[in-house]
S.K.: 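Encoded as structure tokens, here's the structure I'll be asking about.
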Number of protein chains: 2
Amino acid sequence: MTRAPASRALDTTPLWLKLSSYLVLSEEEKMYLADLERTIAREPPRTDLLQQGEKYRDVRIIRDGWAIRHKALPDGRRQVVNFVLPGDIIGMYCTLFESADHSVTTLTAVEVASFPPERIGEMFRSFPRLAAALAWSGAREEAMVAERLLSLGRRTALERTAHLIVELLRRLSVVNMATDGHFVLPVTQEILADALGLSIVHINRTLRRLRDSGLIELNGQRITVNDVRQLASVGQFDELYLHLIRVPKRLERAFAGPRHQNNNKREDDDRAKA
Amino acid sequence: MTRAPASRALDTTPLWLKLSSYLVLSEEEKMYLADLERTIAREPPRTDLLQQGEKYRDVRIIRDGWAIRHKALPDGRRQVVNFVLPGDIIGMYCTLFESADHSVTTLTAVEVASFPPERIGEMFRSFPRLAAALAWSGAREEAMVAERLLSLGRRTALERTAHLIVELLRRLSVVNMATDGHFVLPVTQEILADALGLSIVHINRTLRRLRDSGLIELNGQRITVNDVRQLASVGQFDELYLHLIRVPKRLERAFAGPRHQNNNKREDDDRAKA
DNA sequence: CCGACCGATTAACCTATGTTGTGGCCGCCT
DNA sequence: AGGCGGCCACAACATAGGTTAATCGGTCGG
């Protein structure tokens with residue numbers, strides 16, 4: 001992995017880390033990405049970054065902290081669609097819609113970068129590989145939602161819970177936020193319940209079962225997964241849907257346009273084995 | 001709506017109809033779209049167009065017939081993620097992934113167009129508005145999955161079922177496949193059950209309740225919705241998530257690149273009110 | 001230090017939905 | 001014609017998960 005010592009700080013952006021797990025970015029692309037993340041704001045916990053029904057504003061990149069994407073029924077019942085972690089993007093395709101059909105709310109204090117949606121189009125034109133990497137990230141998010149749908153429709157409470165924990169572990173690992181099996185889960189049981197389509201009480205029962213069976217440990221917000229293998233097996237976790245495999249060759253053919261000369265020779269060779 | 005009598009046949013493509021509900025396409029774009037749908041195949045019912053774990057092939061456009069997108073657990077439990085209707089696209093971002101995390105299976109005989117994934121990139125470069133319209137269609141699909149997640153997590157069986165029927169009615173209306181409240185539902189109760197996360201028996205009970213309350217009628221595969229309003233209210237249906245509103249102005253700014261000269265003057269004015 | 005509130009925990013009870021099993025209809029095969 | 005398989009229908013029973021309610025330990029503002 002090419003790493004210019006001078007620009008090292010850029011390398012540690014969660015989005016950069018995530019995209020790097022997919023393809024190797026050139027210096028130029030890295031710089032462009034850094035520029036996208038230039039305008040940074042901080043928000044306290046329990047802030048709405050976006051509200052159901054509201055018009056979309058800028059595209060946001062979460063740089064630090066947790067948030068949830070959720071939808072509510074008029075009578076107050078709520079479903080958490082997904083967790084938004086560092087390196088995740090909010091409203092990537094916001095230009096396409098008039099208004100948001102979901103809300104995004106911070107769970108912790110959060111650091112967010114934002115940029116105007118026009119830059120997405122700009123990126124598709126000038127940095128197609130980078131745009132493809134962002135599209136990958138978006139498509140992956142959709143795949144996670146579909147997988148959660150499978151959970152809610154066909155997995156038992158125990159399976160769902162196990163599955164979610166493994167998923168979070170995997171996602172956090174990519175951005176260096178989980179070290180051998182433990183991570184911080186800044187989430188109340190109510191939110192877990194809303195994510196898994198269960199009642200608070202039942203989530204509590206289920207977590208107790210997982211603890212009693214020794215698969216996980218909970219100390220405050222720190223969760224430790226003692227045996228990922230076994231937990232994954234309980235949750236029927238098949239990581240296919242996370243699409244963590246390196247970009248296939250044909251990506252180049254599809255997204256790198258003729259007017260974008262190849263400035264990634266080294267990395268291309270790098271990836272030949274995939 | 002501008003309609004050249006000579007090219008009328010092109011207008012009736014379901015995908016064209018769907019995209020037209022979003023933005024007005026130019027003649028040039030219409031021709032490009034027609035070209036994408038040039039290679040056509042027919043498949044019988046119960047054919048897998050795509051299998052979980054398999055490598056992606058071409059991008060497909062359903063021109064006629066129904067299919068389902070579904071995921072399965074190793075032990076056979078199955079969740080239908082979404083229904084694939086005429087005008088829907090399969091594997092739009094397939095280049096980005098190594099292999100499919102879901103299957104697509106036909107329910108009826110089906111007519112599908114297919115084209116190599118490279119053309120998506122080509123379209124982003126040469127017909128950005130059209131590409132944006134396809135991206136809209138994709139993002140909308142994701143929104144539907146999220147809404148179904150809300151259903152499975154937080155709606156009761158009766159609500160879910162009502163919601164799904166209204167959703168299908170709306171989607172089919174866009175492609176002229178539903179006329180005042182009735183349409184063909186080529187779907188067994190088993191498939192409905194798998195779509196709604198219920199057992200066959202319970203779907204049966206639930207449909208009977210809807211029939212008994214006079215909200216719907218079923219004759220074979222023909223379903224008639226007697227009172228959409230009331231059914232929508234039972235299902236807490238809020239069509240926000242279908243994003244049927246015309247494209248907002250700023251789409252142009254974001255996606256229409258400088259090198260694609262505006263060849264849609266008339267339609268642009270057309271849309272100014274939005 | 002006090003009161004108020006929030007979140008976790010657990011028990012007791014309840015119900016929406018799952019399971020099992022039977023029968024009936026219809027289309028298809030031979 | 002007869003038999004078979006797929007699908008619908010419905011009844012009887014079983015249970016996963018929901019609801020209600022009570023307790024407890026923190027923590028925060030004053």
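Computed from heavy atoms alone, side chains included, the values below leave out hydrogens, waters and symmetry copies. Proteins come first, then strands; the chains are lettered A, B, ... in the order of their sequence lines, and each starts at number 1.
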S.K.: Atom CZ of A:R222 and atom C1' of C:dA8: how far apart are they, to the nearest Å?
M.R.: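 The distance from CZ of A:R222 to C1' of C:dA8 comes to 20 Å, rounded to the nearest Å.
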S.K.: Indicate yes or no: at least one non-hydrogen side-chain atom of A:L231 is less than 4.5 angstrom from one of A:L210.
M.R.: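 Yes, side chains in contact.
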S.K.: Over how many whole Å does the gap from B:L185 atom CG to D:dC7 atom C1' extend?
M.R.: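 After rounding, the reported distance stands at 15 Å.
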S.K.: Specify the separation, in whole Å, of atom CG of A:L196 and atom P of D:dA16.
M.R.: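 It works out to 18 Å between those atoms.
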S.K.: Please state how far atom CD in A:Q221 lies from atom C1' in C:dG7, giving the value in whole angstrom units.
M.R.: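 Nearest whole value for this atom pair: 11 Å.
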S.K.: Any residue in residues 145-161 of chain A with a heavy atom nearer than 4.0 angstrom to DNA chain D? Just list them by number, or reply none.
M.R.: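 Those residues are A:T156, A:A157.
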S.K.: Roughly how many Å is it from CG in A:N219 to C1' in C:dA8, rounded to a whole number?
M.R.: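 Going from A:N219 (CG) to C:dA8 (C1'), I get 14 Å.
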S.K.: How about A:R42: does its CZ atom have over 12 heavy atoms from other parts shown lying under 6.0 Å from it?
M.R.: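 Open.
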S.K.: Show the nearest heavy-atom pair for residues B:L242 and B:R170, with the distance to one decimal.
M.R.: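 Here B:L242 and B:R170 meet closest at CD1-CB, 3.8 Å.
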S.K.: Quick one: are B:D88 and B:K18 in side-chain contact, heavy atoms under 4.5 Å?
M.R.: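 A side-chain contact exists here, since the closest heavy-atom pair is under 4.5 Å.
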S.K.: Measure the shortest side-chain to side-chain distance between B:R77 and A:T156 over non-hydrogen atoms and say whether it is less than 4.5 angstrom.
M.R.: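 Contact flag for B:R77/A:T156 side chains = yes.
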S.K.: Are A:Y241 and A:H163 close enough that their ring centres sit under 6.0 Å apart?
M.R.: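 When the ring centroids of A:Y241 and A:H163 are compared, they turn out to be within the sub-6.0 Å range.
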S.K.: Just N and O in the side chain of B:Q189: are any of them under 4.0 Å from OP1 or OP2 of D:dG6?
M.R.: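 So the side chain of B:Q189 is outside the cut-off, no N or O lying under 4.0 Å from OP1 or OP2 of D:dG6.
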S.K.: B:R211 and B:E217: salt bridge (charged side-chain N to carboxylate O under 4.0 Å, His left out), yes or no, with the steps?
M.R.: CA-CA 6 Å; B:R211 259 183 294 152; B:E217 279 167 42; over 6 Å; no
S.K.: In this structure, how many angstroms lie between the C1' atom of C:dT9 and the CG atom of A:L192, rounded?
M.R.: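 Rounded to whole Å, this separation is 15 Å.
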S.K.: Are the side chains of B:D238 and B:E147 in contact, using a 4.5 Å heavy-atom criterion?
M.R.: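 No, too far: nothing below the 4.5 Å cut-off.
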S.K.: Using a cut-off of strictly less than 4.0 Å between a heavy atom of the residue and any atom of DNA chain D, enumerate the qualifying residues of residues 197-212 of chain B by number.
M.R.: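 The answer is B:V201, B:N204, B:R205, B:R208, B:R211.
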